[in-house]
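For reference, the structure is listed below as structure tokens.
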Amino acid sequence: MGPRSRLFLCFLLWGSTELCSPQPFWDDEIERFRPSKPPTVMVECQEAQLVVTVDKDLFGTGKLIRPEDLTLGPDSCEPLASADTDGVVRFEVGLHECGSILQVTDDALVYSTFLLHNPRPVGNLSILRTNRAEVPIECRYPRQGNVSSWAIQPTWVPFRTTVFSEEKLVFSLRLMEENWSTEKMMPTFQLGDRAHLQAQVHTGSHVPLRLFVDHCVATLTPDWSTSPYHTIVDFHGCLVDGLTDASSAFKAPRPRPEILQFIVDMFHFANDSRNTIYITCHLKVTPVDRVPDQLNKACSFSKSSNRWSPVEGPTDICRCCSKGRCGISGRSRRLSHREGQPVPRSRRHVTEEADVTVGPLIFLGKLSDRGVEGPTSSPPLVMLGLGLATVMTLTLAAIVLGLTGRRRAASHPVCPVSASQ
């Protein structure tokens with residue numbers, strides 16, 4: 001039978017030739033517009049809990065799963081009780097329950113868990129009609145903003161205030177080389193040398209800040225409240241050590257707002273044999289856009305002009321340095337601290353200021369003194385020479401006494417005595 005005969009026969013039997021076409025019965029275009037089947041696992045991430053709804057036809061094969069074969073998370077949380085006629089299984093658990101894992105990213109809080117279907121044989125049967133399956137579940141919450149529609153009523157300090165108070169600033173005081181490029185590795189000085197000190201605060205992600213040296217004290221020990229002491233900076237930023245015969249001064253201009261450099265002529269404490277010095281400074285910061293004032297300044301005294309000048313800010317902020325009335329002086333704070341009275345500022349809970357110490361700075365004395373003392377300062381060698389001479393003398397004396405004893409024994413022989421019978 002030819003092709004035309006087959007087409008004529010199909011037309012007589014079916015009334016159309018489309019059913020005799022070799023193409024499949026369905027069409028891709030028709031299948032594309034068919035409604036897709038809803039997912040069998042639905043997850044709802046709420047404010048404080050996780051809701052998971054599972055279709056009992058989990059695999060879409062018509063074989064219904066049993067609720068007791070479903071668990072949630074590593075802790076194997078069981079679903080809510082449901083009737084046999086219900087077509088779904090529900091879980092309602094807290095975000096931190098059932099062993100969920102919390103991961104903090106830059107922009108979100110991610111809670112991760114999984115739904116486990118672990119079928120078990122029913123009764124005495126040893127067969128299964130469904131497979132074991134594990135469905136990962138994840139809830140993401142943005143870190144910015146409020147995920148709840150309800151008003152926040154905190155029972156402690158608000159979140160932004162807490163973050164600000166816990167954002168510690170790192171203060172440092174370092175001894176630098178003369179060119180300020182690197183840190184000085186050997187903290188030794190001669191009389192007449194100058195110490196290059198650099199105070200710095202590491203702000204991190206904090207707003208831009210300007211650093212000030214409020215006051216500095218030099219002592220023989222790391223404890224800045226001991227005596228004797230020498231005040232280097234006082235009156236909230238006046239470098240008073242430059243008033244004497246020293247050339248101590250702040251370095252201007254600053255390299256950066258968070259760095260303040262200053263030079264101190266080396267010295268040693270009279271009537272004390274210790275050659276170590278510790279310098280403790282109280283550092284504090286202000287916003288970089290705040291204009292320096294009498295309580296936040298860095299002033300140096302110029303002997304050539306016989307006046308005080310600031311590193312930055314108005315010139316009149318340094319006038320109080322001559323009068324010593326810029327607030328409570330560093331010496332007043334030291335005395336109140338030593339007498340057990342409360343310090344005006346609370347340093348334990350304030351992160352915008354801190355006490356830092358550099359040292360020990362080792363004082364070697366005058367260079368000319370070392371040259372004079374070099375050839376004559378050898379007491380250990382003298383004692384060693386005397387000890388060796390004494391040992392040699394005793395050894396020779398022992399040898400002489402031994403030889404003398406042998407000669408005496410040889411000049412007086414002992415005769416044998418015979419017994420009479």
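The analysis underlying the following values was restricted to heavy atoms, covering all of them including side chains, and did not include hydrogens, waters or symmetry mates.
Annotation: salt bridge (Lys or Arg N to Asp or Glu O under 4.0 Å) contacts of Glu138 (sequence neighbours excluded): Arg140. By the side-chain hydrogen bond (donor to acceptor under 3.5 Å, both in side chains) test, Glu183 pairs with no residue at all, sequence neighbours left out. Contacts of Phe91 classified as ring-ring contact (aromatic ring centres under 6.0 Å, His included), with partners at least two apart in sequence or in another chain: none. Taking Glu68 as the reference, Arg66 meet the salt bridge (Lys or Arg N to Asp or Glu O under 4.0 Å) condition, with sequence neighbours excluded. Scanning for ring-ring contact (aromatic ring centres under 6.0 Å, His included) contacts around Phe212 gives an empty result, with sequence neighbours left out. For the side-chain hydrogen bond (donor to acceptor under 3.5 Å, both in side chains) test, no residue two or more places apart in sequence or in another chain qualifies with Glu78. The side-chain hydrogen bond (donor to acceptor under 3.5 Å, both in side chains) search around Asp289 returns none, not counting sequence neighbours. Taking His202 as the reference, nothing meets the ring-ring contact (aromatic ring centres under 6.0 Å, His included) condition, with sequence neighbours excluded. Considering only residues two or more places apart in sequence or on other chains, Tyr278 meets the side-chain hydrogen bond (donor to acceptor under 3.5 Å, both in side chains) condition with none of them.
Checked against the 2.5 Å cut-off, the SG-SG distance between Cys238 and Cys318 does not fall under it.
Residue pairs meeting the salt bridge (charged side-chain N to carboxylate O under 4.0 Å, His left out) criterion with at least one member in residues 265-283, sequence neighbours excluded, are Asp272-Arg274. Under the salt bridge (charged side-chain N to carboxylate O under 4.0 Å, His left out) criterion, no residue pair touches residues 186-202, with sequence neighbours excluded. Among residues at least two apart or in separate chains, there is no ring-ring contact (aromatic ring centres under 6.0 Å, His included) pair with a member in residues 38-57.
A centroid separation of less than 6.0 Å is found between the aromatic rings of Phe262 and Phe250.
No more than 12 heavy-atom neighbours from other residues, nucleotides or ligands sit within 6.0 angstrom of CG on Asp245. Annotation for Arg254: atom CZ counts as buried by contact number, over 12 foreign heavy atoms lying within 6.0 Å. Heavy-atom contacts from other residues, nucleotides or ligands closer than 6.0 Å to CD of Glu134 number more than 12.
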